Amino acid sequence: MMGIATSSLHAFHKSNGSSISNSFCRLGLQFASVHSNSFSNDDHRPPSKFQKVTNLEDALNLFDEMTQRRPLPSVVKFTQLLNSVSKMKHFSSSLDLFKQMCAIGVPVSVYSMSIAIRCCCRLYRTKDGFALLGCCFRRAVVPNVFIFSTLLDGLVLEDRILEAERLFKKLIKHKLCETNVVMYNTMIKGLCKFGSNDIAIGLLRLMDERGCKPNIVTYNTIIDSLCKDRMIDDAFKIFKEMVFDKGILPNVITYNSLIYGLCLLGRGDEVSKMLKEMEDEKISPDLQTFNILVDAYCKEGKVDEAEAVIDTMVEKGVSPDIVTYNSLIDGYCLRGEMTKARKLFDSLTSKGLVPDVFTFNCLLNGYCKNLEIEEAMHMFHEIKRKGLKPDIVTYSTMLQGLYRVGRCGDACTLFDEMRAHGQLPNQCTYRIVLDGLCNNHQVEEALSLFRLVDDSKLNSDIAVYTILIDGASKCGKLDTARSLFHELTIKGLQPNVWTYCTMISGLCGEGLLTEAKHLFLKMDESGCPPNDVTYRVLLQGFLKNQHYDDVEMLLQEMDGRSYSLDASTLSLLIDQTAAGSLDRSMLKLIGRLVPKELMGAPS
DNA sequence: TTAGGGTTAG
């Protein structure tokens, strides 16, 4: 049995051969091949002080002290210290200690090896983790399910889903180690992260068939993923299966995922029901539950309710943390209440909380949206002054702010700076930059950037195309807009409602109403039915071009679909009726299309 | 020792 396993491992090792040996060299590790007899056998002694080590400095001092002792403390003691440093998330330091342990001849065990591998993985250096796996083979340390699960998790962390799947299948096929529920859960997490909820559910069924019972973590992983993907009904189906078929009781994590999913869809009534259910089940809401609620209220603009949630949590003895206040700051910013946002930000220190990059990003975004670009700039410099590192969101937010006030040159400099600081622009950054250029009459620059960046994700992003179509048509380059729209079809990309609206608006702007109407009719055929915005865009096009034939028909269709008018379209309709261009008999129909919030508002 | 939940740009 062992022989087969070892040879299979060898085959596996071979397939990763070159990268392993390279990484191994980089790690520069030397291992003790034989157990040294210079270690004490102090396992029977009461726990020594290192088990109480709570900070890195103490741990490192203790390690130094331990290396001076003769005989050397036991292997177990060294490994326990290694574990506590890695538990403190000081992965680099933990790896350094591991290297030193090897250098002074502390024998490598499967346990210390798994800690070291975990550190590599958490540092996004899974490749080095595999290098250590290679060392296991050389040192006759038989890798176990802990080591393989950790490596699998590392691949998932780095979004290397295909390699993760390959490893997972190999482990099972060749029985390289015992598989357990944690390993299945890790693979399920990877599949969910990759957006393959169906395959993840398939694996849930498969593990059950193979006699590996799914547990609460398995179900929570899938429920959470479905909730995040707005598939709340499917999430509830799985939830019911877990509770009623498997008899697994939900915990606070399960409820938090479901509450998050409901909030995402604005289904507040059901959130209250879930909270009630938790109370009945004697499951107390925790910090994260409250944070989900605070954030949901803030996003809806209901800051007062969010503040009330914070009061409740404090009453219940749950202290708000930086995440809670980040959501609240964001809520204030969204309402343009920058003074309140700033005041809260300034009070964080007195609450014993340290602002993080999220905090700064929220404030930065608030200042940018309120066109207070100097304040935003100030915040941007504060980030570095506080010893934090601006991330991709910081740069993207700042770029958007600069474009919004027309400072294209500064935006360009910042765009270069971000790349120089190792922050690679993502799809969202590109959308912001292209949109910024287009809105500042630099469509040519936007188009050249788009053509220059040969990125498959960017070049197949429907939002990017829509931004460019909009930019091109707004600056009179309708032919460019048309050819971009045509390019979509060639690439097999499906225009969405926004794309159609943009193109229709562009055509209307040039008075090309027949072409606009043709495109409008094409939407239903293409499986992308027009929404209220599309109707408004086309109506405005007709009205502005004094083309009244189809207006009544469009209004009737809107009525049939229960769509409503917005203020500007309504105003155009009323003006043209007053001018006698539209028949007054249409007023009744128009009245039906006025939403409640516009009733009584001056037109 | 390995696995699950909350915040920021669009």
Side-chain angles (χ1 to χ4, degrees), chain A residues 79-80 82-83 86-87 109-118 121 144-154 156 177 179-190 192-193 214-225 227-228 251-261 263 285-296 298-299 320-331 333-334 356-366 368-369 390-401 425-435 461 463-464 466-467 498:
Chain A
T79 312
Q80 282 176 337
L82 187 70
N83 193 35
S86 95
K87 280 272 152 67
S109 68
V110 69
Y111 183 17
S112 62
M113 192 57 110
S114 74
I115 296 170
I117 291 177
R118 181 168 175 270
C121 292
N144 58 10
V145 66
F146 292 101
I147 286 188
F148 282 118
S149 292
T150 305
L151 285 167
L152 190 67
D153 197 46
V156 168
C177 67
T179 46
N180 64 10
V181 65
V182 176
M183 186 167 266
Y184 275 99
N185 288 350
T186 308
M187 193 63 239
I188 286 176
K189 176 177 76 169
C192 288
K193 193 178 172 199
N215 61 12
I216 182 78
V217 178
T218 324
Y219 278 100
N220 280 351
T221 308
I222 292 173
I223 289 171
D224 187 64
S225 177
C227 289
K228 289 213 175 83
N251 61 13
V252 67
I253 297 178
T254 327
Y255 280 107
N256 285 349
S257 294
L258 291 168
I259 290 172
Y260 179 83
C263 287
D286 65 3
L287 177 61
Q288 303 206 24
T289 322
F290 288 114
N291 282 350
I292 293 167
L293 298 175
V294 168
D295 191 59
C298 287
K299 284 212 173 79
D321 68 353
I322 190 69
V323 177
T324 325
Y325 289 114
N326 284 348
S327 291
L328 192 57
I329 288 175
D330 198 45
C333 289
L334 287 176
D356 58 12
V357 177
F358 268 82
T359 326
F360 281 100
N361 288 348
C362 291
L363 263 183
L364 203 66
N365 186 37
C368 287
K369 293 276 149 66
D391 64 9
I392 181 97
V393 179
T394 320
Y395 282 107
S396 303
T397 309
M398 204 59 234
L399 281 169
Q400 194 177 42
N426 61 14
Q427 220 168 331
C428 184
T429 323
Y430 277 115
R431 285 183 197 175
I432 288 169
V433 171
L434 295 175
D435 196 44
D461 181 2
V464 161
T466 310
I467 287 165
W498 180 31

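Side chains are part of it too, since the values below use all heavy atoms of this structure and drop only hydrogens, waters and symmetry mates. Here the structure is a predicted model, which is why all the values come from computation and not from measurement. Each chain gets a letter, A, B and so on, in the order its sequence line appears, and its residues count up from 1.
- Residue A:K193 is out of contact with every strand shown, counting any heavy-atom pair closer than 4.0 Å.
- Here B:dG10 is the nucleotide among B:dG10, B:dT2, B:dG5 with the atom lying nearest to any side-chain atom of A:Q400.
- OP1 or OP2 of B:dA9 lies within a sub-4.0 Å distance of a side-chain N or O belonging to A:N365.
- Using a 4.0 Å heavy-atom criterion, one finds that A:D435 contacts no nucleic acid atom at all.
- Residue A:V323 places its side chain closer to B:dT7 than to any other of B:dT7, B:dG5, B:dA3.
- Residue A:K369 has a polar side-chain atom (N or O) positioned under 4.0 Å from OP1 or OP2 of B:dG10.
- Salt bridge annotation for A:R118-A:D153: absent, with no cationic side-chain nitrogen under 4.0 angstrom from a carboxylate oxygen.
- Remark: C1' of B:dG5 and CD1 of A:I222 are 15 Å apart, rounded to the nearest angstrom.
- Rounded to whole angstrom, the span from the CZ atom of A:F358 across to the P atom of B:dT8 amounts to 7 Å.
- Here A:S149 lies in heavy-atom contact (under 4.0 Å) with a base.
- Residues passing the salt bridge (Lys or Arg N to Asp or Glu O under 4.0 Å) test with A:D224, sequence neighbours excluded: A:K228.
- Across B:dT7, B:dG10, B:dG5, the shortest atom-to-atom separation from the side chain of A:R431 is found for B:dG10.
- Stacking annotation: A:F146 is not stacked on the base of B:dT2 (requires ring centroids less than 5.5 angstrom apart and an interplanar angle below 30 degrees).
- At B:dG10, none of the side-chain N or O atoms of A:Q427 fall inside 4.0 Å of OP1 or OP2 (strictly under the cut-off).
- Under the rule for a side chain to side chain contact (heavy atoms under 4.5 Å, CB included), the partners of A:V145 that lie at least two apart in sequence or sit in another chain are A:S149, A:C177, A:N180, A:M183.
- Put simply, the side chain of A:F358 does not reach to within 4.5 Å of the side chain of A:I322, judged on heavy atoms.
- Counting any heavy atom pair closer than 4.0 Å across all strands shown, A:D224 reaches sugar-phosphate atoms only and no base atom.
- Residue A:Y260 is classed as a sugar-phosphate contact, given heavy-atom separations below 4.0 Å to backbone atoms only.
- Distance, A:I292 CD1 to B:dT8 C1': 17 Å, rounded to whole Å.
- Across all strands shown, A:C428 has heavy atoms under 4.0 Å from base atoms, whether or not it also approaches the sugar-phosphate.
- Across all strands shown, A:I329 has no heavy atoms under 4.0 Å from either base or sugar-phosphate atoms.
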